[in-house]
K.L.:
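Before I ask anything, let me first share the structure, which is written out below as structure tokens.
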Amino acid sequence: MAKPIFQRPKGTADLLADQTALWQHVESTARLLFGDYNFSETRTPIFENFDVFSRSAGDTSDVVTKEMYDFHDKGDRHIALRPEGTAGIVRAYVENKLYGPEFDKPYKTFYIGPMFRYERPQAGRFRQFHQIGAEAFGSMSPALDVEIIAMVVDFFKTLGLKKIKVVINTLGDQSSRDAYRQALIDYLKPHVNELSSDSQTRLEQNPLRVLDSKDPRDQVFVADAPSILDYLSENSTKHWTQVQAILRALNIEFEIDATMVRGLDYYNDTIFEIMTVDDTLKGAATIAGGGRYSGLVSEFGGPETPGIGFGIGMERLLSLLKAQNLTLVPEKQLDFYVVNIGEDTDVVAMQIVQAIRSFGYVAERDYLGRSAKAQFKSADRHHSKFVVTIGDEELANQVASLKNMNTGQQQTVNLSDLYTDLPTLIESKGDK
RNA sequence: GCGGUAGUGGUGAAGUGGUUAACACACUGGUUUGUGGAUCCAGCAUACGAGGGUUCGAUCCCCUUCUACCGCCCCA
């Protein structure tokens with residue numbers, strides 16, 4: 001923190017070499033696994049027309065009202081950095097007519113990338129963060145709900161995560177929600193003045209959100225509030241029970257939390273969160289959340305099409321991995337370090353490293369004209385398996401020293417052999 | 001948007017209203033001038049987040065600001 005002329009924007013992070021390896025590991029695991037479930041990747045723009053998000057997330061949601069990272073561009077277009085992945089995917093789904101008959105149904109896709117929310121950074125929360133998510137369009141089957149949940153669980157298990165739990169709930173269909181909403185209002189109305197001020201406004205705009213309040217004053221009432229599960233329509237009940245049945249059939253453990261709601265307004269029927277019970281992430285226990293939505297595709301001008309999806313918070317996932325010591329990405333190790341002594345060997349040293357690399361080995365050399373000792377120290381620090389040393393004398397004889405750093409044994413090899421037959425040279429000298 | 005804590009060199013970390021701001025690690029060089037992980041020696045010249053103020057004098061006091069961390073709200 002010397003005298004930084006520039007520093008990164010608030011709530012953003014520089015991911016450096018010591019972290020990107022782990023990120024790549026997580027991302028490639030996701031790509032591989034989601035591929036097993038026959039999901040393909042979609043990459044949509046990082047920014048969209050503001051309305052793409054406001055229309056989908058709901059005008060009363062916090063994401064829209066206060067967390068949108070938006071601006072007007074030079075053409076005076078109202079642009080927003082995407083706060084979540086679903087809206088862009090749905091927009092692309094409609095715009096590219098992926099509902100057409102030539103595409104499989106359900107249409108299954110995943111995405112990986114940065115999201116933006118204008119809020120105060122704190123534990124597990126940033127202005128630029130990253131999500132891995134997936135969406136599936138065109139099927140109402142409860143089996144698809146379960147497949148989505150199973151895929152997330154599978155993903156976390158593949159990464160080695162422990163102490164996670166699946167929490168599910170249903171919001172019912174429109175008629176269920178309307179009925180429940182009214183019941184909830186009827187129940188809470190008499191106690192309006194005893195609720196927190198936040199919840200008093202919630203009661204007006206989005207009563208379900210009261211259920212999510214952590215304020216003790218509200219929780220008193222939430223405890224005895226009517227349950228959505230008692231207001232489900234016949235269809236929603238059927239869907240809900242079937243989801244549970246299939247989850248059980250797959251031996252996926254889950255909890256039901258009838259007070260769980262979602263921050264975005266577009267969900268209905270099955271919703272779920274994957275949480276950690278690890279204390280280290282207390283403020284950010286939810287590492288993945290998702291659910292069904294039915295109105296989105298038509299909202300964007302497409303045919304009435306149900307969808308379901310989830311989003312995983314990369315940063316939260318990674319901090320959980322760290323908390324559980326699952327960050328063991330193999331350390332980068334050099335196969336060869338080329339030590340060169342004297343300016344005259346500069347060119348040949350370059351030829352040697354390149355030759356070594358052409359065989360597929362990881363190779364490095366010195367570019368600072370340091371002493372042989374210093375170069376060997378570097379080789380050692382990088383846990384290089386071999387060191388090739390070349391000085392004026394070797395150069396004159398067209399040879400080099402090849403040292404096995406584990407055994408300490410050193411031999412003289414012809415440069416021509418090194419260029420053409422390196423693998424054999426080191427085979428004969430033991431471990432590669 | 002609100003609240004709390006913090007900000008010393010590449011890193012960790014002492015410290016004080018007043019001459020050269022500890023120590024450790026790392027790094028660089030040296031220890032028979034071309035060979036590693038040990039010891040010892042030396043170096044590390046642009047360190048007290050930034051900007052104001054109080055004071056004879058501030059890294060240490062006050063204000064502002066920026067940033068980080070934590071909490072609220074909400075969420076990934």
Side-chain angles (χ1 to χ4, degrees), chain A residues 1-13 57 60-67 82-86 113-133 152 196-199 201-202 206 209 212-215 218 260-264 273-276 281-290 310-320 334 337-342 345 366 368-395 400-410:
Chain A
M1 243 193 284
K3 281 166 190 159
I5 300 174
F6 293 114
Q7 44 190 176
R8 59 180 186 268
K10 193 185 189 72
T12 62
T60 63
S61 69
D62 281 341
V63 168
V64 171
T65 55
K66 59 178 212 185
E67 292 172 4
R82 62 184 188 193
E84 53 99 29
T86 303
M115 306 292 163
F116 306 82
R117 250 113 111 161
Y118 194 88
E119 52 181 353
R120 191 78 171 269
Q122 59 188 272
R125 184 169 317 179
F126 311 91
R127 287 191 172 176
Q128 175 174 341
F129 61 106
H130 302 261
Q131 284 190 342
I132 299 179
V152 185
S196 67
S197 60
D198 281 336
S199 284
T201 56
R202 287 188 188 111
N206 192 342
R209 197 87 35 78
D212 211 24
S213 173
K214 294 187 191 82
D215 194 307
D218 300 332
M260 182 170 78
V261 299
R262 307 259 67 215
L264 304 166
E273 290 187 4
I274 315 289
M275 312 179 72
T276 175
L281 270 80
K282 44 185 182 248
T286 301
I287 47 186
F310 65 82
I312 299 169
M314 269 290 267
E315 282 79 1
R316 291 184 181 184
L317 174 57
L318 287 170
S319 51
L320 191 58
L334 288 181
Y337 193 95
V338 176
V339 170
N340 75 96
I341 300 147
T345 58
D366 172 78
L368 303 174
R370 290 142 75 220
S371 68
K373 177 177 180 134
Q375 294 186 53
F376 265 85
K377 276 191 174 180
S378 289
D380 190 53
R381 194 174 335 122
H382 292 293
H383 306 111
S384 187
K385 293 168 192 151
F386 295 92
V387 169
V388 172
T389 306
I390 186 150
D392 293 332
E393 201 173 313
E394 286 90 344
L395 181 56
S401 292
L402 175 62
K403 181 171 185 175
N404 181 319
M405 293 297 275
N406 290 324
T407 64
Q409 288 180 320
Q410 183 164 296

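Here is the naming used below: chain letters follow the sequence lines, and residue numbers restart at 1 for every chain.
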K.L.:
Mind checking if A/Gly133 touches a base, just sugar-phosphate, or nothing, with heavy atoms under 4.0 Å?
P.N.:
nothing
K.L.:
The criterion is side-chain hydrogen bond (donor to acceptor under 3.5 Å, both in side chains); which residues satisfy it with A/Arg370, sequence neighbours excluded?
P.N.:
A/Asp366, A/Ser378
K.L.:
With a cut-off of under 6.0 Å to the ring centre and 45° to the axis, is A/Arg127 in cation-pi contact with A/Phe116?
P.N.:
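Not satisfied by the 6.0 Å and 45° rule.
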K.L.:
Suppose you measure atom P in B/rA38 against the same atom in B/rC25; what distance do you get, rounded to whole Å?
P.N.:
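11 Å, rounded to whole Å.
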K.L.:
Round to the nearest Å and state the distance from A/Met405 atom CE to B/rG36 atom P.
P.N.:
9 Å
K.L.:
For atom CD of A/Gln122, is the number of surrounding heavy atoms from other residues, nucleotides or ligands below 6.0 Å larger than 12?
P.N.:
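More than 12 heavy atoms, drawn from other residues, nucleotides or ligands, come within 6.0 Å of this atom.
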K.L.:
Which nucleotide, B/rA76, B/rC70, B/rC66, lies nearest any side-chain atom of A/Arg125?
P.N.:
B/rA76
K.L.:
For the residue pair A/Gln375 and A/Asn340, what are the closest heavy atoms and their distance?
P.N.:
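That closest heavy-atom pairing would be NE2-O, 2.8 Å.
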K.L.:
With a non-hydrogen cut-off below 4.0 angstrom, is A/Gly85 in contact with a base, only sugar-phosphate, or nothing?
P.N.:
nothing
K.L.:
Contact class for A/Lys10 vs. all strands (heavy atom < 4.0 Å): base, sugar-phosphate, or nothing?
P.N.:
sugar-phosphate
K.L.:
With sequence neighbours left out, write down each residue that passes side-chain contact (heavy atoms from CB on, under 4.5 Å) with A/Thr389, or none if nothing qualifies.
P.N.:
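A/Thr389 satisfies side-chain contact (heavy atoms from CB on, under 4.5 Å) with A/Val339, A/Ile341, A/Phe376, A/Val387, A/Ser401 once adjacent residues are dropped.
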K.L.:
Would you indicate which nucleotide in B/rG36, B/rC70, B/rA68 comes nearest to any side-chain atom of A/Lys403?
P.N.:
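Selected nucleotide (nearest to the side chain): B/rG36.
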K.L.:
How does protein reach along nucleotides 24-34 of chain B, written 5' to 3' as B (base within reach of a heavy atom under 4.0 Å), S (only sugar-phosphate), or - (no contact)?
P.N.:
---SSSSB--B
K.L.:
How many whole angstroms separate atom CD of A/Gln7 from atom C1' of B/rC66?
P.N.:
6 Å
K.L.:
Output the rounded distance in Å from CG (A/Asn406) to C1' (B/rU35).
P.N.:
16 Å
K.L.:
Is there a side-chain contact between A/Arg117 and A/Glu84 in this structure, where contact means two heavy atoms from C-beta onward sitting under 4.5 Å apart?
P.N.:
yes
K.L.:
Find the distance A/Arg8:CZ to B/rA68:P and express it as a whole number of Å.
P.N.:
7 Å
K.L.:
Residues two or more places apart in sequence or in another chain: which of them pass side-chain contact (heavy atoms from CB on, under 4.5 Å) with A/Phe126?
P.N.:
A/Phe129, A/Glu315
K.L.:
What residues, two or more places apart in sequence or in another chain, satisfy ring pair (Phe, Tyr, Trp, His ring centres under 6.0 Å) together with A/His382?
P.N.:
none
K.L.:
Can you give the dot-bracket line for RNA chain B, using ( ) for pairs inside the strand, [ ] for pairs that cross earlier ones, | for pairs with another strand and . for unpaired bases, where Watson-Crick and G-U count if both distances are under 3.5 Å?
P.N.:
(((((((..(((.....[....))).((((.........)))).....(((((..]....))))))))))))....
K.L.:
Counting heavy atoms from C-beta on, name the nucleotide in B/rG71, B/rA76, B/rA68 closest to the side chain of A/Arg117.
P.N.:
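Of B/rG71, B/rA76, B/rA68, B/rA76 is nearest to the side chain of A/Arg117.
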K.L.:
Nearest whole Å is fine: how far is B/rA68 P from A/Arg120 CZ?
P.N.:
10 Å
K.L.:
If you pin A/Phe126 and A/Gly11 to their nearest nucleotides in RNA chain B, which one's is more 5'?
P.N.:
A/Gly11
K.L.:
For A/Glu119, answer base if it contacts any base atom (sugar-phosphate contacts may also be present), sugar-phosphate if it contacts only those atoms, and nothing otherwise; contact means non-hydrogen atoms under 4.0 Å.
P.N.:
base
